[in-house]
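Worksheet: the structure to be examined is printed underneath.
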2 protein chains.
Amino acid sequence: MNIHSSPSFRPLYDQIKILITQSLIAGEWRPGDAIPSEIDLASRFKVSQGTVRKAIDELAAENILIRRQGKGTFVASHSQERASTRFLRIARDEGVFEYPTSQLLSVTRERAPEGSASLLDLRTGASIFCIKRLLSFEGIPRIFDEIHVPAVSFKGLDDAMIRNYTGSLYSFFESHFGIAMIRAEEHIKAVKAGPVEAELLHVNLDQPLLRVDRVAFTYGDRPVEWRRGLCHTERFSYVTEMS
Amino acid sequence: MNIHSSPSFRPLYDQIKILITQSLIAGEWRPGDAIPSEIDLASRFKVSQGTVRKAIDELAAENILIRRQGKGTFVASHSQERASTRFLRIARDEGVFEYPTSQLLSVTRERAPEGSASLLDLRTGASIFCIKRLLSFEGIPRIFDEIHVPAVSFKGLDDAMIRNYTGSLYSFFESHFGIAMIRAEEHIKAVKAGPVEAELLHVNLDQPLLRVDRVAFTYGDRPVEWRRGLCHTERFSYVTEMS
DNA sequence: GAGTGGTCTAGACCACCCC
DNA sequence: GGGTGGTCTAGACCACTCT
């Protein structure tokens, strides 16, 4: 098996990562499913088990797959993950973590404004769904979210569907539209509360809020969600780690 | 080599990670140094090269070591890293990244207040150094930092030393005190500018600022720095990624 | 050419899970 | 007991860097 024919050498395990990713994009294995065993994949791709292992190791490090000793390797899912604090970085300063409750404000069909359109690789004016909601911790409204997703990828989305679903929004996107969020980038600023968010979050006008702009990506680094969260950070913080 | 004697089984490569970390703590290899080759380490630890590889792979994934094909494996350093954006997450919304300039305001010896003391595993009132500085982007002051470090680990620190040093603060800590920062946790809030920071950052009183509290750790997950940054985020953002 | 890390293989055996 | 992932080894060969 001579793949060492440079130039532009690409390791075997890297090519296998791509093949696995393509199967994920194609929906051959869906979030929560077990993928074939390492031995099966090795024989399918005609490589050694060690090479498959390395490919899976990297996908697991990216939180795309999850390994469970003795059971198998699974497609990461927002539905079954314990403590879905993975994309929710707001937490109490002290005390136990409590999952927020969500109040849906509106779901509308809109034309994408320039900002979110370009970040979602859409043309300005493309059709999107705009979701507005309020997240509350301990009964107190803390985060006002405005969420844009391309209408073409989320055909038929409406407020009743969301209201009838119990679970996180990303878990809803997975089960109803087969779109799994695997990565996100956020830009954070401190801003003054405007009239809308002041009323929703029960704060005075011009109170400082955290403004968290996010772009989330699915398999193959395809951007599929833009959102802006306005967050009242009294007794709460946005938590990050770096290394 | 039978290490598979459960209970409380610990893989060999994990034990070797610990041994390498201990050498880093002991200062056997310092930031910027090359560590011995994989073959040398394998014979020193009496394991196969593959096992050493796995240990080094994980330390490299944690940004503690840096592999360079054909050259060797090196201890990560804040001095020689290209684009030390690793612990500086504030960037312009658009345009090219420009490294900020630092203006040292004061270096004083203080008694640790309760907050930073407990986060640094010190008793309240322990001796610390308090560094205050102002970071400017494009000539405009953007971040007011207050930094606490234990006096016992930073013996002899004074403002002249910092002023005479060109380079980042963490690179200074490395070269003068042998303390390498490898990981940090941050808690972010939106707050109103008080009188001190309003003047320093040239903003009105009560303007919203980002308040970024950080605890930074060195080898062995030992906390050695607490800092609070107040940041004026007009045209700038705090950038994060998650997966 | 010598030395380093990087890739790939084949095989043995262990830890874990479930039937 | 049989299947899964997890660890460890030994060896071959490639890619990169420096001398």
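Proteins come first, then strands; the chains are lettered A, B, ... in the order of their sequence lines, and each starts at number 1.
Comparing dT9(D), dG5(D), dC8(C) by their closest approach to the side chain of L12(B) singles out dT9(D). Among the nucleotides dA15(D), dT9(C), dC18(D), the one closest to the side chain of K71(B) is dC18(D).
Protein atom CD of Q69(B) is 10 Å distant from nucleotide atom P of dG5(C), rounded to whole Å. In this structure, K46(B) atom NZ and dA10(D) atom C1' are separated by 18 Å, rounded to whole Å. With rounding to whole Å, D14(A) atom CG is found 12 Å from dG6(C) atom C1'. Rounded to a whole Å, the CZ atom of F9(A) is 17 Å from the P atom of dG5(C). As a whole-Å value, the separation of K17(B) NZ from dG6(D) C1' is 15 Å. Between F45(A) atom CZ and dT9(C) atom C1' the separation is 18 Å, expressed in whole Å. Between R68(B) atom CZ and dT17(D) atom P there is a gap of 11 Å when expressed in whole angstrom units.
Looking at residues two or more places apart in sequence or on another chain, you find no ring-ring contact (aromatic ring centres under 6.0 Å, His included) involving H187(A). Applying the side chain to side chain contact (heavy atoms under 4.5 Å, CB included) rule to L119(B) yields the partners V215(B), W226(B); only residues at least two apart in sequence or on another chain are considered. Under the salt bridge (charged side-chain N to carboxylate O under 4.0 Å, His left out) criterion, E225(A) pairs with R227(A), sequence neighbours left out.
Residue Y13(A) places none of its side-chain N or O atoms closer than 4.0 Å to OP1 or OP2 of dC8(C). Proximity of R67(B) to the phosphate of dG6(C): a side-chain N or O atom is located under 4.0 Å from OP1 or OP2.
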Indicate every side-chain donor-acceptor pair of residues 25-32 of chain B with a distance under 3.5 Å to a residue at least two apart or in another chain.
from	atom 1	to	atom 2	distance (Å)
E28(B)	OE1	S23(B)	OG	2.9
E28(B)	OE2	R44(B)	NH2	3.0

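Of the residues in residues 32-44 of chain A, those lying under 4.0 Å from DNA chain D by heavy-atom distance are S37(A), E38(A). Within residues 48-62 of chain A, the residues approached by DNA chain C to less than 4.0 Å at the level of any non-hydrogen atom are S48(A), T51(A), K54(A), in residue-number order.
In this structure, F236(A) and F137(A) have tilted ring planes: the angle between them lies in the 30° to 60° band. A tilted orientation is assigned to the rings of H176(A) and F172(A), their planes being inclined by 30° to 60°.
Looking at heavy atoms from C-beta onward, I179(A) lies in side-chain contact with S153(A) at the 4.5 angstrom threshold. Looking only at side-chain heavy atoms (C-beta outward), E186(A) and V239(B) stay at 4.5 Å or farther from each other.
Cation-pi geometry between R68(B) and F74(B) is met: under 6.0 angstrom from the ring centre, within 45 degrees of the axis.
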